[in-house]
Amino acid sequence: MNVKKIFYTILIVIVCLVGLIKGKDLYDEYRDYSSNEILGFENGNLSSENTSVAIRTTDQTPKRENPLPTASDILISKEIEQELINSFKNATFKEYNGATFKYQYYVSFTVDSVSSFWLNIDDGVVYVNHNTKNYVFEDDNNFLNIFKEAVK
């Protein structure tokens with residue numbers, strides 16, 4: 001009798017753990033992320049006065065053997081930079097599990113530290129370097145349109 005109780009107790013614990021893990025996965029799938037969350041800014045945020053943005057073009061997707069692409073800087077005015085920052089800080093994202101192999105831009109935001117990501121402008125997919133995850137814009141707050149105008 002004692003062995004049956006132990007077996008059923010262990011079985012119930014395993015079922016509960018599997019349910020919790022699957023529930024977290026489901027929650028993460030439908031969860032919205034803010035720009036500060038995906039960029040990983042812990043001490044600062046994009047509302048800071050010292051925020052800046054740098055954009056580089058690239059035709060190369062990040063690879064293990066060559067993580068930094070051949071790129072060229074895009075110069076943008078302070079006005080456009082401020083518009084990009086304001087629209088990006090109010091954008092929301094969803095985690096994206098699809099395959100994206102073509103990133104056209106490398107974007108860096110600087111607050112107290114630097115956080116950067118690869119951007120596929122056509123699909124609105126962001127690949128964040130520090131957590132190696134893809135996100136897609138849920139609400140881009142006009143960021144993609146401003147970005148397209150800025151890089152023309």
Over all heavy atoms of both residues, which pair between [X] and [Y] is shortest? Give the atoms and the distance, please.
| X | Y | answer |
| --- | --- | --- |
| Ile121 | Gln104 | N-OE1, 2.9 Å |
| Ala150 | Leu84 | CB-CD1, 4.5 Å |
| Tyr96 | Val136 | CB-N, 3.9 Å |
| Glu37 | Asp32 | OE1-O, 4.1 Å |

In Å, rounded to the nearest 0.5 Å, how long is the span from [atom1] of [X] to [atom2] of [Y]?
| X | Y | atom1 | atom2 | answer |
| --- | --- | --- | --- | --- |
| Ile80 | Ile74 | CD1 | CD1 | 12.5 Å |
| Asn145 | Ser87 | CG | OG | 9.5 Å |
| Tyr106 | Thr57 | OH | OG1 | 13.5 Å |
| Ser34 | Lys89 | OG | NZ | 12.5 Å |

Less than 4.5 Å apart, side chain to side chain, heavy atoms only: is that true for [X] and [Y]?
| X | Y | value |
| --- | --- | --- |
| Val125 | Trp118 | no |
| Val53 | Ile76 | yes |
| Phe109 | Ser116 | no |
| Lys133 | Val128 | no |
| Val126 | Asn134 | no |

Review point. Would a distance-only check, ignoring hydrogens and angles, find a side-chain to backbone donor-acceptor pair under 3.5 Å from Glu95 to Tyr135?
Key: no

Practice item. Look at the side chain of Asp140 and the backbone N and O of Leu144, then say whether any donor-acceptor pair between them is shorter than 3.5 Å. Key: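 Checking the backbone N and O of Leu144 against the side chain of Asp140, a donor-acceptor pair under 3.5 Å is found.
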
Exercise for review: Look at the aromatic rings of Tyr103 and Tyr127 and report parallel, tilted or perpendicular, splitting at 30° and 60°.
Suggested key: tilted

What pairs with [X] under side-chain hydrogen bond (donor to acceptor under 3.5 Å, both in side chains), at least two apart in sequence or on another chain?
| X | answer |
| --- | --- |
| Asn141 | none |
| Glu138 | none |
| Tyr105 | none |
| Asp139 | none |

Review point. What do you reckon, is CG of Leu75 surrounded by more than 12 foreign heavy atoms closer than 6.0 Å?
Key: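 No, because the 6.0 Å sphere around CG of Leu75 holds 12 heavy atoms or fewer from other groups.
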
Point to revise | Lys78, NZ: over 12 other non-hydrogen atoms inside 6.0 angstrom | key: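 At most 12 heavy atoms, drawn from other residues, nucleotides or ligands, come within 6.0 Å of this atom.
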
Point to revise | Phe137: partners by ring pair (Phe, Tyr, Trp, His ring centres under 6.0 Å), with sequence neighbours left out | key: Phe93, Phe143

Check your understanding: Of Leu39, Asn142, Thr51, which meets side chain to side chain contact (heavy atoms under 4.5 Å, CB included) against Phe88?
Key -> Leu39

Review point. Taking only residues two or more places apart in sequence or in another chain, which ones pass side chain to side chain contact (heavy atoms under 4.5 Å, CB included) with Ile10?
Key: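 Ile10: side chain to side chain contact (heavy atoms under 4.5 Å, CB included) contacts with Ile6, Ile14.
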
